[in-house]
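Below, all heavy atoms of this structure are taken into account, side chains as well, without hydrogens, waters or symmetry copies.
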Amino acid sequence: MTSISKFSGLAASLLCATTAWSADFQVKRSLELPSATPQVWHLIGDFCDIDDWHPKVSSCSLKVMDGSLVRVLTTETGDQMTQKRIAQEKGLSYTYKTVSTNLPIENFTATFSVQPGESLLIEWIANFSSDDPAMERVVVEDIEGGLSAIEGIFLSR
């Protein structure tokens with residue numbers, strides 16, 4: 001190895017060790033249920049229904065901000081986050097972005113959807129950036145907790 005290669009490697013290591021780089025993450029989880037789309041979407045698909053089924057959300061309120069529908073979620077710990085709906089396919093999906101949160105994340109957008117078929121596929125996909133790699137686990141646990149709660153509701157019926 002030449003001394004230039006050694007120096008370049010050392011410089012890159014030092015740069016990475018002293019500079020916080022924001023990482024991009026994607027979390028994609030799904031749940032399959034033996035149920036009809038309209039029945040499931042009726043119970044979970046409204047933009048503010050999340051407080052009825054997600055174990056970490058204690059309340060949800062709706063408002064209009066800059067002409068868009070916004071939900072303000074309060075968690076079980078009292079923290080609040082504001083999310084703006086940016087797209088929807090009536091009866092099948094909605095996409096939202098986080099406008100404010102106390103979590104160290106940026107550019108958070110997610111789509112929550114159902115896909116009809118012989119069984120029903122519920123899919124939740126989130127994309128975001130964070131300087132804290134632990135945020136990926138936080139988002140995974142949040143999404144998995146929500147899908148697990150939905151499964152519990154429908155399997156108990």
- Message: If you count every heavy atom of other residues, nucleotides or ligands that lies below 6.0 Å from Lys97 atom NZ, does the total exceed 12?
- Response: no

Residues passing the side-chain contact (heavy atoms from CB on, under 4.5 Å) test with Asn127, sequence neighbours excluded, are Gln26, Thr109, Ile125

Closest non-hydrogen contact found for Ser119 with Pro34 is CB-CA, 4.3 Å

Between the CZ atom in Arg85 and the SG atom in Cys48, the distance rounded to the nearest 0.5 Å is 10.5 Å

Check whether any side-chain heavy atom of Val138 lies under 4.5 Å from a side-chain heavy atom of Met135, and answer yes or no. yes

Using a 4.5 Å side-chain heavy-atom cut-off and chaining through intermediate ILVMFWY residues, the residues clustered with Met65 come out as Val70

Where the side chain of Asp51 meets the backbone of Cys60, is there a donor-acceptor pair that is under 3.5 Å apart? yes

- Task: Decide yes or no for Thr95 and Gln88: does some side-chain heavy atom of the first lie under 4.5 Å from some side-chain heavy atom of the second?
- Result: no

Donor-acceptor contact below 3.5 Å, side chain Ser130 vs main chain Asp132: yes

Taking every heavy atom of Asp131 against every heavy atom of Pro133, the minimum-distance pair comes out as O-CD, 3.4 Å

| said: Does the structure place the NZ or CZ of Arg71 under 6.0 Å from the centre of the six-membered ring of Phe47, at an angle of no more than 45° from the ring's axis? | reply: yes

By ring pair (Phe, Tyr, Trp, His ring centres under 6.0 Å), Phe128 pairs with (sequence neighbours left out) Phe25, Phe108

| said: Would you say Ser129 and Glu106 are linked by a side-chain donor-acceptor pair, where the criterion is simply a distance under 3.5 Å? | reply: no

Grouping I, L, V, M, F, W and Y whenever their side-chain heavy atoms are under 4.5 Å apart, do Leu43 and Ile143 come out in a common cluster?
yes

Open item on the list: Quiz question: by atom type and distance under 3.5 Å, do the side chains of Thr77 and Thr75 form a donor-acceptor pair?
Closed with: yes

task: Please tell me if the side chains of Leu147 and Ile122 come closer than 4.5 Å, counting only heavy atoms from C-beta onward.
output: yes

### Task
Indicate yes or no for a side-chain donor-acceptor contact from Ser93 to the backbone of Phe112 under 3.5 Å, with no hydrogens or angles considered.
no

### Task
Report whether Leu69 and Ile44 are members of the same hydrophobic cluster (ILVMFWY, side-chain heavy atoms less than 4.5 Å apart, transitive linking).
yes

| message | Any side-chain to backbone donor/acceptor pair from Asp142 onto Val139? Under 3.5 Å, distance only. | response | no

Asn102 meets the side chain to side chain donor-acceptor pair (under 3.5 Å) criterion, sequence neighbours left out, with Asp79

### Message
Assigning hydrophobic clusters by single linkage (Ile, Leu, Val, Met, Phe, Trp, Tyr; side-chain heavy-atom cutoff under 4.5 Å), is Leu62 placed with Tyr96?
### Response
yes

Hey, quick one: are Ile50 and Met81 part of the same hydrophobic cluster, counting side-chain heavy atoms closer than 4.5 Å, chains of contacts allowed? yes

d(Glu144 CD, Arg137 CZ) to nearest 0.5 Å is 6.0 Å

Is there a path from Leu33 to Leu92 through hydrophobic residues (I, L, V, M, F, W, Y) whose side chains come within less than 4.5 Å of each other?
yes

- Query: Do Tyr94 and Trp124 have ring centres separated by under 6.0 Å?
  - Reply: no

Contacts of Glu76 meeting salt bridge (charged side-chain N to carboxylate O under 4.0 Å, His left out) (sequence neighbours excluded), chain-then-number -> none

Beyond-backbone contact of Ile150 with Leu31, side-chain heavy atoms, under 4.5 angstrom: yes

Review point. Counting only N and O atoms by type, is there a donor-acceptor contact under 3.5 Å from the side chain of Arg29 to the main-chain atoms of Val140?
Key: no

Taking every heavy atom of Thr74 against every heavy atom of Gln80, the minimum-distance pair comes out as OG1-NE2, 3.2 Å

With sequence neighbours left out, the residues meeting side chain to side chain donor-acceptor pair (under 3.5 Å) with Glu123 are Gln115

